[in-house]
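Side chains included, hydrogens not; waters and symmetry mates left out as well; all remaining heavy atoms used. Keep in mind that this is a model prediction, so the values were computed, not measured.
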Amino acid sequence: MDFTQEIAQTYYQTQLVDEQQQVVRIYFYIEFKEPVSEEFSLLKIYFRNKEAEITKVSDRKYLARFTHIAVRGDLFLESEGAKEYGNKAPIITKGKFELNKDEAVLEYQKNNKTFFFKLTRIDEKQ
């Protein structure tokens with residue numbers, strides 16, 4: 001099913017929350033040309049291997065907040081393979097969808113059925 005609400009723009013802004021811990025907050029915005037119909041319930045945004053719930057800012061503007069914490073760990077590589085045994089491998093989390101850096105997925109409900117809509121060409125604004 002196609003998402004029939006016309007989108008004016010999608011963009012995100014980043015904010016460094018804690019420089020030492022490398023915590024970044026991402027504010028993801030969806031702006032619609034007209035107020036969103038009551039038949040739609042906007043649920044989540046999937047962006048950069050994370051998901052966040054959507055909150056209504058106004059009749060035409062919605063926001064999802066993501067928090068990204070950089071995982072920094074020292075990698076110790078040994079020349080002898082047997083000494084590598086105790087080292088921990090980095091943990092790589094995979095998102096629900098395979099997306100490019102400028103893509104996201106909107107999860108929404110219509111008539112109590114859940115649908116997904118791919119958003120493309122998402123810009124970063126300062």
Side-chain angles (χ1 to χ4, degrees):
M1 165 172 259
D2 285 335
F3 187 68
T4 56
Q5 291 288 145
E6 199 170 349
I7 297 172
Q9 65 177 336
T10 54
Y11 62 94
Y12 68 95
Q13 296 174 317
T14 58
Q15 175 189 18
L16 184 61
V17 178
D18 184 339
E19 191 171 347
Q20 186 176 4
Q21 297 295 321
Q22 292 187 337
V23 178
V24 176
R25 189 159 293 133
I26 298 173
Y27 299 95
F28 188 101
Y29 293 93
I30 303 175
E31 294 183 10
F32 295 92
K33 291 189 176 182
E34 299 292 329
V36 175
S37 170
E38 290 184 17
E39 67 183 343
F40 290 103
S41 177
L42 306 182
L43 303 175
K44 292 182 182 178
I45 291 289
Y46 298 87
F47 184 60
R48 303 220 172 140
N49 293 329
K50 296 194 178 294
E51 64 182 76
E53 292 185 13
I54 297 173
T55 56
K56 184 176 181 178
V57 176
S58 69
D59 287 344
R60 297 179 188 195
K61 191 174 193 177
Y62 290 78
L63 167 66
R65 293 177 183 91
F66 298 89
T67 301
H68 175 73
I69 302 170
V71 178
R72 294 190 325 186
D74 293 329
L75 292 177
F76 297 102
L77 301 176
E78 300 288 343
S79 59
E80 294 179 39
K83 292 183 180 179
E84 284 288 321
Y85 179 75
N87 288 346
K88 293 182 181 179
I91 298 170
I92 299 172
T93 58
K94 198 166 189 178
K96 190 171 184 173
F97 302 97
E98 284 193 36
L99 301 167
N100 293 327
K101 280 187 106 173
D102 67 340
E103 296 176 333
V105 171
L106 167 65
E107 180 180 345
Y108 67 97
Q109 282 188 340
K110 182 177 180 181
N111 300 326
N112 292 322
K113 290 184 181 177
T114 301
F115 299 95
F116 299 92
F117 181 74
K118 189 174 188 178
L119 305 167
T120 58
R121 294 183 292 204
I122 300 159
D123 295 322
E124 181 176 11
K125 289 191 176 182
Q126 297 302 322

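- In this structure, the side chains of L42 and K56 stay at 4.5 Å or more apart for every pair of heavy atoms.
- No single ILVMFWY cluster, assembled from side-chain heavy atoms under 4.5 Å apart, contains both F40 and L63.
- Applying side-chain contact (heavy atoms from CB on, under 4.5 Å) to T10 and the options D123, D102, I122 leaves one that passes, I122.
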Atom pairs and distances, side-chain donor-acceptor, residues 27-39, under 3.5 Å, sequence neighbours left out:
| unit_1 | atom_1 | unit_2 | atom_2 | d |
| --- | --- | --- | --- | --- |
| Y27 | OH | Q15 | OE1 | 2.9 |
| E31 | OE1 | Q9 | NE2 | 3.0 |
| E31 | OE2 | Y11 | OH | 3.0 |
| K33 | NZ | E6 | OE2 | 3.1 |
| S37 | OG | E39 | N | 3.3 |

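- No side-chain heavy atom of F66 sits less than 4.5 Å from a side-chain heavy atom of R48.
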Begin with the C-alpha distance, continue with both residues' side-chain angles, and end with the deciding distance and a verdict on ring-ring contact (aromatic ring centres under 6.0 Å, His included) for F116 and F97. CA-CA 11 Å; F116 299 92; F97 302 97; 5.4 Å; yes

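- Judged as a salt bridge (charged side-chain N to carboxylate O under 4.0 Å, His left out), and not counting sequence neighbours, E107 has no contacts.
- Taking S41 as the reference, L43, Q109 meet the side chain to side chain contact (heavy atoms under 4.5 Å, CB included) condition, with sequence neighbours excluded.
- Distance check, rounded to the nearest 0.5 Å: CD1 of I26 to CD of Q13 gives 11.5 Å.
- At a threshold of 4.5 Å between side-chain heavy atoms, the hydrophobic network of Ile, Leu, Val, Met, Phe, Trp and Tyr places V57 and I7 in two separate groups.
- Rounded to the nearest 0.5 angstrom, L106 CG and F47 CZ are separated by 13.5 Å.
- Heavy-atom minimum distance, I45 versus A104: CG2-CB, 4.2 Å.
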